[in-house]
Every structure is written in structure tokens, then in C-alpha cells.
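Quantities reported herein were computed from a predicted structural model and do not represent experimental measurements. Below, read A as the first sequence line, B as the second, and so on, with proteins coming before strands; counting in each chain starts at 1.
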Protein chains: 2
Amino acid sequence: MTEEKPVVYVVDDDPSVRKALERSLSSAGHEAKTFASAAEFLDFTCPDTPGCLILDIKMPGLNGLELQDRLAEKNFTFPIIFMTGHGTVPASVKAFKAGAMDFLQKPFKDRELLNAVSTGIEKHRRQRKEHKKMEILRARLDTLTPREREVFELVVSGMLNKQVAFDLEITERTIKAHRARVMEKMGAQSLQELVRFAERLGIRSSTA
Amino acid sequence: MTEEKPVVYVVDDDPSVRKALERSLSSAGHEAKTFASAAEFLDFTCPDTPGCLILDIKMPGLNGLELQDRLAEKNFTFPIIFMTGHGTVPASVKAFKAGAMDFLQKPFKDRELLNAVSTGIEKHRRQRKEHKKMEILRARLDTLTPREREVFELVVSGMLNKQVAFDLEITERTIKAHRARVMEKMGAQSLQELVRFAERLGIRSSTA
DNA sequence: CTCCCTATTGTACCAAAGTACAATATCTTT
DNA sequence: AAAGATATTGTACTTTGGTACAATAGGGAG
């Protein structure tokens, strides 16, 4: 469980390209999984491991750019590297504006691709790490009752217990009770940590 | 002082292009300032107002991409929009990977350019706003003595005064003194706010 | 050498937060 | 109707943090 094995997904309609890519990726130590069409890839469910995606621009059916759009709608998070034989400037512009990570023109050197792949995987690793932390925080946040959530927001905003109490028109004693539960449910060891959690969760007190 | 007037900088060696761009930018309500070469622009010091930069790719002397690199070295923060007559895919790729915001191929519609410009200016406005806040915070941080800085880091990490005291091998009373000065110098109205400041400043306790 | 900044510490007190015992009321679900 | 979750509050006590009065000591600038 030190490092999860990354997977490189390749979508290209040309079997010989798939084979060639698979070979160079494998020889560089990457696990490759290939798809012959956008549809085929869309049917596939990627495992929850780091990786990146290599897309051919020109393909029958959905092309690479269209696939990119479809994936974006599904919160697909793998970095995307495009490949193209006779790519156009507008295509590359669209790709990058939609968040592509690289855009390689054939013929390209193995090294170029492998560099892009490594960069993509590293980026995805970091993303995943961050995302997992956020998942945990959001899950904890979801366990708060509406009242606790209110107290949470007001407390991290910097208000004193008595001020929060006044705001919610209840006693300070009750704030302490909620506050203690918030700390416990959020898994915060200190007020400082609770504030950091709130920051990451994008919590802003509605009043301030 | 409601809104600062943005400026659009244009660098293109072709006088007729400069004139044309100036006209369409003006008619859209933007203030334009034009330059005939990369060198000319590098000699210029942009005022501290929002704006964006429009660069021609192909120019005698330094071309647009090279200018982009030079500017990056100087922490130039204005969003860059490229224009090109016969742009190549590698050029657009390089531009985007170096942080370009858009890449327009001539002939382009006025609307395309103006949309890109508006987006760029808005982005820069947000950037500047954030940057100014950070400037203030960094300036305050710089007023802290080394000792106060240490206490700052340990306190926001979540340690109790007594723990910080133990760590620094001084008394809790002294921690309180430093802590009070940190709050005052940083302009924090609460511990919660102090933690948020530390987060933005990227302060991590070296021990934790 | 004096002034200022920095770092340190003391005492005493007050305010704020946290906790250990609780109890009561409402609402939903089973 | 009983169980469980939620929201509320009480008393009493401890711990932690903040402040108002300080004083002392070292180092650097003028």
C-alpha cells in the first residue's frame, strides 16, 4: 500500500497505434489499457487509482474533443493528453481551454509521450490525495445537524460563544454543547484545526 | 474609486493591425495602449491597474512566445491573449503550457477578441484583489520578530500556550506576551482569523 | 553612554472555553 | 407506545487565554 499502480488509458481507433503505444508504455513500466473508440471508453468504469488518459483527436464516432466534453460532464478527473496526426490550431485551443494537459503531434518521440504521461500521473496523484481529504471532510460535515452546522459557521467566523448564543437566541450553555459535538464530529483536535477544516470546505458565515 | 479603468496592451509589429485593434477596443469602451515590438513593451512599465495583454506571435526581434517567457521571468501577471496569422499547433501548445489565456487565429471576429479581453480583464481583477490582500498579510508578517514568528507558527498549529512554552523552553507568561503582539501586529481580531491568515500565508509549523 | 527594540518573567485578576454530572421537550421512526 | 435523534438548558468546577499593573536584561544605533 505504499504506491498505487497507475493506469494509462489509451483511446485510438487505429489498432497499430494502440499496439505501439501499449508497447512503449509497458516498457516504461506503465500499465496500459486500450480502447478502440470513445463509446468503448465511456462504457468503461475506471478503477479508483491514479492514471491519465491519452486521446486521439480524430476518430470515427465521437472524436477526442467531444469525448473530453462528455467526460467533463461526468466529473472525470484524469489528466488528458491529446494526440493528433494533422491537428489544427483550433483543435488544440479547444483542448487546452477545456483543461487538456498536453497536445502531441504525430510523429512524436516516445520520450515526449512518456514525459507527458509521467507529469499527468503525478498531477493526478496529487489531485487524488487532495480529493480524498476533501471527501473525508465533506462526509464529516454531512454528519452535522443543521443546528450544529450553524454553530460551526459562527464559531469559525470568530465569534465568542456568548455572541453566537445571542445570534441564535439560545443560551451560551447550549452553544458549548453544540460546539463540543462539532469538534467531535469533525474530528478536530483544536479550534485551529477546525478553522482550517472550515477553510477547506469553503465555509463562510452567512452573516459576515 | 469604484472601479479602476482597465488597460489593454497590444504588441504587434504591423501598424495597421495596431490601429484596427485600437479602434475596436476603444469602441468597446476599453483603453488601449499599443507597442510596435517586444522590446518596446519590455521597456514599458505597466501601471498598477487591471488589464490584459494581446500579443502577435510572429514579430521581428523577440516573437510573442519569447516575450511571454521573458515576462514570466519578471512575474508579469497580466493574462495574455495571442494572435496569429498562420499559427502552428506547436506554437499554440507552447503558449498554453506557458499559461496563455487564449490563442486567436486571424481573421477573427471582433467579438471573439473582445470576449477574450473581457474574460482576461475579469480574471486579472480577481487576481489583483487576491494579490493585494496577500501583500498586506506578508507586510504584516514581516513586522514580526523571529521569536514572534515562532510563536505564531506554533500557536496556529493548535498547540496550547503551555505546550508552546515547553517547546521553546520559556514560560507560558512569555508566550502570552508574544501571542498578544502577534495578534496585534497581524491585525487579527480573533484566533480564528489568525489561523486563516496563516493558511493564506502558507504557514506550516515546522515541527508538525 | 543613553535610547530603543527584543525577549523575558512576575503577580493578580478576569473572561472565555471546556467538562462532568446532569434533565427536559420535541419529533421521527419503528 | 417506545426508542432514538435533536435541541435545549442548568449548576458547578477546571483549564485556558487575555490583560493590567509591572520589572529586568541584552544588543544595536546614534
Review point. Are any of A/K162's side-chain N or O atoms less than 4.0 Å away from OP1 or OP2 of C/dA16?
Key: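 For A/K162, the contact criterion (side-chain N or O under 4.0 Å from OP1 or OP2 of C/dA16) is met.
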
Please pick, from [options], the nucleotide with the shortest atom-to-atom distance to any side-chain atom of [X].
X      : options                : result
B/N161 : D/dT19, C/dA16, D/dG17 : D/dG17
B/I170 : D/dT9, C/dG18, C/dT9   : C/dT9
B/T145 : C/dA17, C/dT6, D/dG10  : C/dT6
B/A177 : D/dT8, D/dT6, C/dT9    : C/dT9

Exercise for review: Would you kindly compare A/E169 and B/A180 by the position of their nearest DNA chain D nucleotide and give the one closer to the 5′ end?
Suggested key: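 Result of the comparison: A/E169.
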
Check this for me: does any side-chain nitrogen of one of [X] and [Y] sit under 4.0 Å from a carboxylate oxygen of the other?
X      : Y      : value
A/D56  : A/R18  : no
A/K132 : A/E135 : no
B/E148 : B/R181 : yes
B/R70  : B/E66  : no

Point to revise | Lys/Arg cation over aromatic A/F44: A/K33, 6.0 Å, 45° cone | key: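 Output yes; distance and angle both within limits.
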
Exercise for review: Using a heavy-atom cut-off of under 4.0 Å over every strand shown, decide if A/T174 touches base, sugar-phosphate, or nothing.
Suggested key: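 Base contact.
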
Separation of [X] atom [atom1] from [N] atom [atom2], in whole Å?
X      : N      : atom1 : atom2 : answer
B/L191 : D/dT19 : CG    : P     : 12 Å
A/E148 : D/dT8  : CD    : C1'   : 13 Å
A/R179 : D/dT9  : CZ    : C1'   : 18 Å
A/L144 : D/dA5  : CG    : C1'   : 14 Å
A/L194 : C/dA17 : CG    : C1'   : 14 Å
B/Q163 : D/dT15 : CD    : C1'   : 13 Å
B/F152 : C/dA7  : CZ    : P     : 15 Å
B/R181 : D/dG17 : CZ    : C1'   : 16 Å

**Study point:** Heavy-atom donor-acceptor pair, A/R173 side-chain to D/dT8 base, under 3.5 Å
**Key:**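 A donor-acceptor contact between them is absent.
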
Review point. Can you find an N or O donor on one side and an acceptor on the other, under 3.5 Å apart, linking the side chain of A/R147 with the base of D/dT8?
Key: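 In this structure, the two groups form no donor-acceptor pair.
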
Exercise for review: Could you say whether B/H178 or B/Q192 is positioned toward the 5' end of DNA chain C, judged by the nucleotide with the nearest heavy atom to each?
Suggested key: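 Looking at the nearest nucleotide for each, B/H178 comes out on the 5' side.
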
